[in-house]
Amino acid sequence: MPELPEVETVVRDLRPLLVGRSFQTANVGELSLRRKWDVDWNEKLIGRSVVSIQRRGKWITLHFNDGPWLLVHLGMTGQFTVNAAAEPLPDHTHLRFGLSGRADELRFRDVRRFGSFDLFTVRAQLEAFLDARLGPEPFAVDPKYFQKKLSGTVRPLKAALLDQSLIAGVGNIYADEALFAAQLHPSTRANDLTAKQCERLRMAVETVLIKAIEGRGSTIRDYIGGSGLRGTFQNEFTAYGRTGEPCVRCETPIEVLRIAGRSSHFCPKCQVANE
DNA sequence: CTGTAATCCTGCGAGC
DNA sequence: TGCTCGCAGGATTACA
């Protein structure tokens with residue numbers, strides 16, 4: 001569910017609610033998340049305060065005072081929020097951490113349990129984990145790097161954009177939205193693009209993500225920000241989920257294809273394949 | 001090495 | 001109503 005704009009929104013919401021405060025209590029549910037953990041959350045985190053919370057790709061990092069780094073992924077349905085401790089506990093809440101100073105707590109709710117929590121003792125371990133998986137942030141991509149990467153693969157553009165090691169943070173929604181904005185067909189072979197088209201796509205990715213962050217991300221079903229607010233960018237979709245609806249540019253009905261295992265929405269008239 | 005499928009998990013909407 | 005099927009913002013693994 002959550003792609004870069006949603007994760008960024010969660011981090012921005014949580015930052016003022018967490019930084020400088022310490023974890024007082026840990027409450028761990030019966031079911032573990034994607035990776036089975038053998039971590040004693042009480043031992044590792046209780047009594048420590050949050051130094052920083054940041055985003056890298058779709059991952060969230062929490063740095064604790066004099067200690068470990070916590071790495072969190074929201075998977076498809078993860079919700080990472082601060083709530084009043086008295087607020088009723090919804091189903092599928094797997095972790096809770098009581099916070100110092102006020103009667104509230106950090107909660108992790110995840111219906112499908114594709115999310116993950118990992119703990120690293122030193123920063124270098126965390127960075128090695130992330131660097132092994134992630135390419136550059138979309139806002140700091142060298143145009144030449146992007147061209148080179150695309151020219152080096154025959155994969156469809158949609159698959160290339162979803163590859164986190166090429167660019168970090170783009171998921172199914174924003175891949176479709178960026179391809180629509182750049183007027184490129186999702187099944188176009190990446191190495192068929194001209195330099196100009198590569199640059200158009202790179203800029204489209206950046207623009208779409210910035211606009212989505214401004215809208216606090218997209219809520220299709222489960223996504224909420226760190227303070228519980230829904231996103232609004234779903235109201236501005238031009239391609240994703242608009243199958244059969246008129247293209248905002250030419251009114252041709254939007255079509256959907258399965259590419260790289262994901263449904264891919266596009267305008268068959270103004271997103272032309274390079275053949 | 002490259003690229004696509006299957007997998008993990010729960011819920012929901014469509015169709016019968 | 002109630003059942004089955006397919007699909008859903010993702011990452012990883014297993015295989016062609």
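Residue numbers start from 1 in every chain, and the chains themselves are labelled A, B, ... in the order their sequence lines are given, proteins ahead of strands.
- With hydrogens and angles ignored, the 3.5 Å screen pairs a side-chain donor or acceptor of A:Tyr145 with a backbone N or O of A:Leu166.
- Contact between the side-chain N/O atoms of A:Arg258 and the OP1/OP2 oxygens of C:dG6 is not found at any separation under 4.0 Å.
- For the OP1/OP2 pair of B:dT10 and a distance below 4.0 Å, the side-chain nitrogens and oxygens of A:Thr77 include no atom meeting the criterion.
- With 3.5 Å as the limit, one finds no donor-acceptor pair spanning the side chains of A:Ser151 and A:Asn191.
- Proximity of A:His92 to the phosphate of B:dC9: no side-chain N or O atom is located under 4.0 Å from OP1 or OP2.
- Across the strands present, B:dC16 finds its partner in C:dG2; the criterion is a Watson-Crick or G-U wobble pair with both atom distances under 3.5 angstrom.
- In this structure, A:Tyr240 reaches the sugar-phosphate backbone alone: every heavy-atom distance under 4.0 Å involves primed, P, OP1 or OP2 atoms, never a base.
- Under 3.5 Å, the side chain of A:Arg133 and the base of C:dA11 form no donor-acceptor pair of N or O atoms.
- Residue-level contact check: A:Gly171 touches the backbone only, with heavy atoms under 4.0 Å from sugar-phosphate atoms and none from bases.
- Applying the 4.0 Å criterion to OP1 and OP2 of C:dA8, one finds that A:Ser263 has a side-chain N or O inside that range.
- Listed nucleotides: C:dA8, C:dA11, B:dG11. Nearest to the side chain of A:Trp59: C:dA11.
- Put simply, the side chain of A:Arg113 and the base of B:dC9 share no donor and acceptor less than 3.5 Å apart.
- Residue A:Pro5 is classed as having no contact, given no heavy-atom separation below 4.0 Å to the nucleic acid.
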